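Just so it is clear, the model here is predicted, and its values are computed rather than measured.
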There are 2 protein chains.
Amino acid sequence: MSIIQYKDHDRLLVSVDCIIFGFDGIKLRALLIKRGFEPGLGKWSLMGGFVDKKESVDEAASRILNKLTGLNDIYMEQLSCFGDVQRDPGGRVISVAFFALIKIDDYSSSLIEEHNAKWFPLDAVPSLVFDHRQMLKLAKERLKEKISGHPVGFALLPHKFTLQQLQSLYEAIYEQPLDKRNFTRKIHSLNILHKLKEKEKHSSRRGAFYFVFDKKKYEKLDKEGLKFL
Amino acid sequence: MSIIQYKDHDRLLVSVDCIIFGFDGIKLRALLIKRGFEPGLGKWSLMGGFVDKKESVDEAASRILNKLTGLNDIYMEQLSCFGDVQRDPGGRVISVAFFALIKIDDYSSSLIEEHNAKWFPLDAVPSLVFDHRQMLKLAKERLKEKISGHPVGFALLPHKFTLQQLQSLYEAIYEQPLDKRNFTRKIHSLNILHKLKEKEKHSSRRGAFYFVFDKKKYEKLDKEGLKFL
DNA sequence: GCAAAAGTGTTTTGTCTACACCCATGA
DNA sequence: TCATGGGTGTAGACAAAACACTTTTGC
């Protein structure tokens, strides 16, 4: 088919939807918006938007995420393309879903208010428009798979964190309790943490040491893969 | 945005490209076509086509695969959406890549001739149009990941096969030799094979028993996941 | 009878799991 | 001094890895 023949084919609206995960210290949460427009006005929804012909799909995802959170350089990964004919009652729109991991406090609250956004614990997500629940479900599964092979969880934690916080995160993602000693040994054996002299003093009298992760070792391990649970 | 506002957004050409894997008994191969049209006329390419507004993206993938191979009910999985602005010199086209696993002899040779298609061993793939090499690379990685957790390899083998053939397939996908005894033990412990009384007599004097797989157990295991290598 | 691939166990090694007590500190 | 979470080691079970010889049979 020539370039001219390309013109004979259907053109479709292409959107991007972002599953934005955060971690509140106890539970995983997803950032959702209350739609201020049709279709689905007043319903909860993932943050999304249309892909412009002058930008790549990845760029569109970054743009849309930035629009809601004000953040750049976020951990983001393409999930899947959702392409059912009837998925959006407003028209034939195919959507590429992305999932993003952000530090829950790192967002611009004014932007979030402007979008009527809210963090929902994953076990208390309201009903969502279109196929967004399915997207969320898939994202959750993918996150679990991902973290079992790559140390991406740090993207959800503050820069410095305690072992307790790290373990809670893994427990939230795996939806099962982990043994503290086995967890500690495993994490330390990966050799990606650096212990600070500073302690977190809010949650206990004794205080727990903060850790940061060693970015170089972390990136190396991210490429190589690991085996966790 | 209202339904009317949907109209204000750009519409894009959406295509599907299929990475079709087969196994010749020794090597993994990919089915490629020699393009008879521009852009990229005369170059090797993945089989692809445009998504029609009346069909889902998955349906488009099945249709396109059927067009080349004449087959239905093929193991197929969505890989990723490729959405760079400049990926196709013929215009702004985003493409959803799928990978398919087929039994290499199960295709209609007349259809393949009609499309100028050819099976290439993965280590001898010619240069490909657009970002198709990248798609192929990703598909290879994904297949490796997939087979380490799900027994999908059977889709690449004939209905009845020897343990030798099965092991060769895993070796081809993992790109490393495996120990015959450990392999046999592992496979048998999964309890998805059924030994036939018939022997394959071409490749040895003694002959090797054929096996078929137990579809029920296989499907159960596919859902649950397994751990292989 | 010999060449060529099929088939078959055991030992060693490392990894995962289960499990409980002392420590440091602020109130 | 005591209540609270922080930090630490070991033994047993299990799974993975390494490794070589005997069997069958067509030629």
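- Taking atom CG of residue B:Leu226 and atom P of nucleotide D:dA15, one finds them 14 Å apart after rounding to whole Å.
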Trace of the side chain to side chain contact (heavy atoms under 4.5 Å, CB included) decision for B:Ile192 with B:Phe211 = CA-CA 10 Å; B:Ile192 47 176; B:Phe211 288 81; over 6 Å; no
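- At whole-Å resolution of the value, CD1 in B:Ile187 and P in D:dA16 are 13 Å apart.
- Counted within 6.0 Å of NE2 on A:His188, heavy atoms from surrounding residues, nucleotides or ligands total more than 12; the atom is thus considered enclosed.
- Separating the CG atom of B:Leu196 from the P atom of C:dA6 is a distance of 16 Å, rounded to the nearest angstrom.
- For CG of B:Asp73, the number of neighbouring non-hydrogen atoms (other residues, nucleotides, ligands) closer than 6.0 Å is 12 at most.
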Criterion side chain to side chain contact (heavy atoms under 4.5 Å, CB included) on B:Phe23 and B:Phe161, from CA distance to verdict | CA-CA 12 Å; B:Phe23 179 61; B:Phe161 50 86; over 6 Å; no
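- A side-chain donor from one of A:Gln164 and A:Ser168 sits under 3.5 Å from a side-chain acceptor of the other.
- DNA chain D is contacted by A:Lys180, A:Arg181, A:Arg185 of residues 171-186 of chain A, taking any non-hydrogen atom closer than 4.0 Å.
- Listed by first then second residue, pairs satisfying salt bridge (Lys or Arg N to Asp or Glu O under 4.0 Å) with a partner in residues 170-199 of chain B read B:Lys140-B:Glu175, B:Lys144-B:Glu175, B:Lys160-B:Glu198, not counting sequence neighbours.
- When the C1' atom of D:dG7 is taken as reference, atom CG of A:Leu166 falls 15 Å away, rounded to whole Å.
- Rounded to an integer number of Å, the gap from A:His188 NE2 to D:dG9 P is 12 Å.
- Taking atom CG of B:Leu229 as the reference point, atom P of C:dT15 lies 15 Å away to the nearest angstrom.
- Contacts between residues 197-206 of chain B and DNA chain D, defined by a heavy-atom separation under 4.0 Å, are made by B:Lys201, B:Arg205, B:Arg206.
- Judged as a side-chain hydrogen bond (donor to acceptor under 3.5 Å, both in side chains), the pairs with a partner in residues 202-212 of chain A (not counting sequence neighbours) are, in order, A:Glu200-A:Ser203.
- Contact annotation: A:Gln164 does not reach the phosphate of D:dG5 (side-chain N/O to OP1 or OP2, under 4.0 Å).
- Axis angle across the helix from C:dG1-D:dC27 to C:dA27-D:dT1, with five pairs used at each end and values rounded to 10°: 10°.
- For A:Phe154 and A:Tyr75, the ring centers are positioned 6.0 Å apart or more.
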Please lay out, stage by stage, how A:Phe98 and A:Asp58 fare under the test side chain to side chain contact (heavy atoms under 4.5 Å, CB included).
-> CA-CA 9 Å; A:Phe98 284 77; A:Asp58 289 352; 3.4 Å; yes
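- Annotation: side chain of A:Ser80 is in contact with side chain of A:Leu138 (closest heavy-atom distance under 4.5 Å).
- We find that CZ of A:Phe161 is positioned 16 Å from C1' of D:dG6, with the value rounded to whole Å.
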Ignoring hydrogens and angles, write down the donor-acceptor pairs under 3.5 Å from the side chains of residues 212-229 of chain B, residues two or more places apart or on other chains.
from     : atom 1 : to       : atom 2 : distance (Å)
B:Asp214 : OD1    : B:Lys216 : N      : 3.1
B:Asp214 : OD1    : B:Lys217 : N      : 3.3
B:Asp222 : OD1    : B:His150 : ND1    : 3.2

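- The distance from atom OH of B:Tyr210 to atom P of C:dG7 is 12 Å, rounded to the nearest whole Å.
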